[in-house]
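What follows is one structure encoded as structure tokens, with my remarks underneath.
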Amino acid sequence: MSLRIQREQLIWISIPIPTLATFMNSRLSRLVSFYRDACDPGCRVASYRQELSDKLKGPHQLARDYSVSTLRRLVFSRDQEVREAALWALGAVGGKSEYAFLGPWLRACDPGLRQLADHAREHLLMRTRSEHQIRFAQRIESSMANSHWKSANRMVDRLVVEHAHDPQSWLLRVSIRLCTRQWLGASQDCRYLLSFDRDNYRACVFLGQSYWYMNRLGIAKECFLEAARIYPDCSAASLANKLRLSA
């Protein structure tokens, strides 16, 4: 073997070759770093603050570095913080299909993961709304605050027609119907919402309230228990307990 070949072999041996594990650890570290920056100081649950956009240069940086399919896989990581970071990131860059994907995580064993999944689903809904839809919903809420119920009813009927697949549109109309004693209409809206968003625990709570006001306490209790099963951190369990004590 010539001296030149021996020297080249020594050079290759001395240069560390990055492994796949090293590359993946670097990617995971970057994702966790993004997640930590997004958290409030001393809080494990990420918040979606407005100033976060500047810090992360918007969700485009996350979307560029991590595909949605990759983030979905990382949600099942053995590392706790990686799971948390992946759930948070899905809320920041995911689409409508991720809203349903995150539903089962509302009943995860870890309360931190449950809260992250809930925040991520809310953030996904906010990101998919148009400016017109947001302003229109704000007008409805303003009418509710001023007790202009006829105007609020008229506008919210239009909202659910134009945005029938947005859960928040239906929840807003349910709120108005509960405030105006339209118990049956409120229950019908809740059932329709649950037909395409089965993990919407808020709809279960509102459905229970509708039956409560209609004095159908047994069904109301079941609705509250179902809401607590979907998302154990909601207050529905205490409502079900009140019904049990009053029975």
I want to check something: taking the side chain as every heavy atom from C-beta on, are I219 and M214 in contact at a cut-off of under 4.5 Å?
no

Please lay out, stage by stage, how R158 and F136 fare under the test side chain to side chain contact (heavy atoms under 4.5 Å, CB included).
CA-CA 10 Å; R158 176 181 166 188; F136 196 63; 3.8 Å; yes

Do I140 and R173 come within less than 4.5 Å of each other through their side chains, counting heavy atoms only?
no

Could you tell me which non-hydrogen atom of L193 sits nearest to which non-hydrogen atom of A203, and how far apart they are?
CD2-CB, 3.7 Å

The test is side chain to side chain contact (heavy atoms under 4.5 Å, CB included); show your working for R72 and S97 and say whether it passes.
CA-CA 11 Å; R72 282 194 179 206; S97 60; 3.6 Å; yes

Among the clusters formed by ILVMFWY side chains lying less than 4.5 Å apart, do Y213 and L171 turn up in the same one?
yes

Looking only at heavy atoms, the pair that brings A227 and C234 closest together is O-SG, 3.6 Å

Where do L207 and C190 come nearest, in terms of heavy atoms and distance?
N-SG, 3.5 Å

Apply side chain to side chain contact (heavy atoms under 4.5 Å, CB included) to V75 and F101, showing your working.
CA-CA 11 Å; V75 166; F101 171 81; 4.3 Å; yes

Find out if a path of hydrophobic residues (ILVMFWY) with successive side-chain heavy-atom gaps under 4.5 Å connects Y192 to W183.
yes

Taking the side chain from D166 and the backbone from Q168, do they hold a donor-acceptor pair closer than 3.5 Å?
yes

Please check if the side chain of R114 supplies one atom and the backbone of C109 the other of a donor-acceptor pair under 3.5 Å.
yes

Nearest 0.5 Å, please: how far is CG in D197 from CG in D199?
6.5 Å

Flag side-chain contact, heavy atom, 4.5 Å: L124 against K96
no

Residue among R229, R198, E226, Q209 satisfying side-chain contact (heavy atoms from CB on, under 4.5 Å) with C204
E226

Can you say whether the rings of W88 and Y35 are parallel (under 30°), tilted (30 to 60°) or perpendicular (over 60°)?
tilted

Taking all non-hydrogen atoms of both residues into account, name the closest pair between P232 and L106 and its distance.
CD-O, 3.4 Å

In Å, rounded to the nearest 0.5 Å, how long is the span from CZ of R73 to OH of Y66?
13.0 Å

Treating W170 as the side-chain partner and A164 as the backbone partner, does any N or O pair qualify as donor plus acceptor under 3.5 Å?
yes

Short question: side chain of R127, backbone of A92 - any donor-acceptor pair under 3.5 Å?
yes

Without swapping roles, check the side chain of E98 against the backbone of G95 for a donor-acceptor pair under 3.5 Å.
yes

Taken to the nearest 0.5 Å, the spacing of H119 NE2 from L87 CG works out to 12.0 Å

Evaluate the ring planes of W212 and F224, with Trp represented by its six-membered ring, and classify them as parallel (under 30°), tilted (30 to 60°) or perpendicular (over 60°).
perpendicular

Same apolar cluster (I L V M F W Y, side chains within < 4.5 Å links), V174/M155:
no

Grouping I, L, V, M, F, W and Y whenever their side-chain heavy atoms are under 4.5 Å apart, do L225 and Y211 come out in a common cluster?
no

Does one hydrophobic cluster hold both L194 and F206, with members joined at side-chain heavy-atom distances below 4.5 Å?
yes

Give a yes or no on whether a salt bridge exists between D118 and R202, defined as a side-chain N under 4.0 angstrom from a carboxylate O.
yes

Between V160, D189, V161, which is the residue that forms a side-chain contact (heavy atoms from CB on, under 4.5 Å) with S169?
V160

Expected output: side-chain S142 to main-chain R139 donor-acceptor under 3.5 Å
no

What's the spacing between W105 CH2 and R83 CZ if we round to 0.5 Å?
6.5 Å

Okay, side chain of T180, backbone of I176: is any donor-acceptor separation there less than 3.5 Å?
yes

Could you tell me whether the side chain of W149 reaches within less than 4.5 Å of the side chain of M144, counting heavy atoms only?
yes

Minimum-distance pair of heavy atoms, taken over all atoms of A89 and L31
CB-CD1, 4.0 Å

Would you say the side chain of S187 lies within less than 4.5 Å of the side chain of R216, judging by non-hydrogen atoms?
no

Quick check: do E81 and R36 have side-chain heavy atoms less than 4.5 Å from each other?
yes

Starting at CG of D110, measure out to CD of Q80 and round the result to the nearest 0.5 Å.
4.5 Å

Would you indicate whether R191, at its atom CZ, is surrounded by more than 12 heavy atoms from other residues, nucleotides or ligands within a distance under 6.0 Å?
yes

Identify the two heavy atoms, one from L71 and one from L90, that lie closest to each other, and give their separation to 0.1 Å.
CB-CD2, 3.7 Å

d(H163 NE2, L172 CG) to nearest 0.5 Å is 11.5 Å

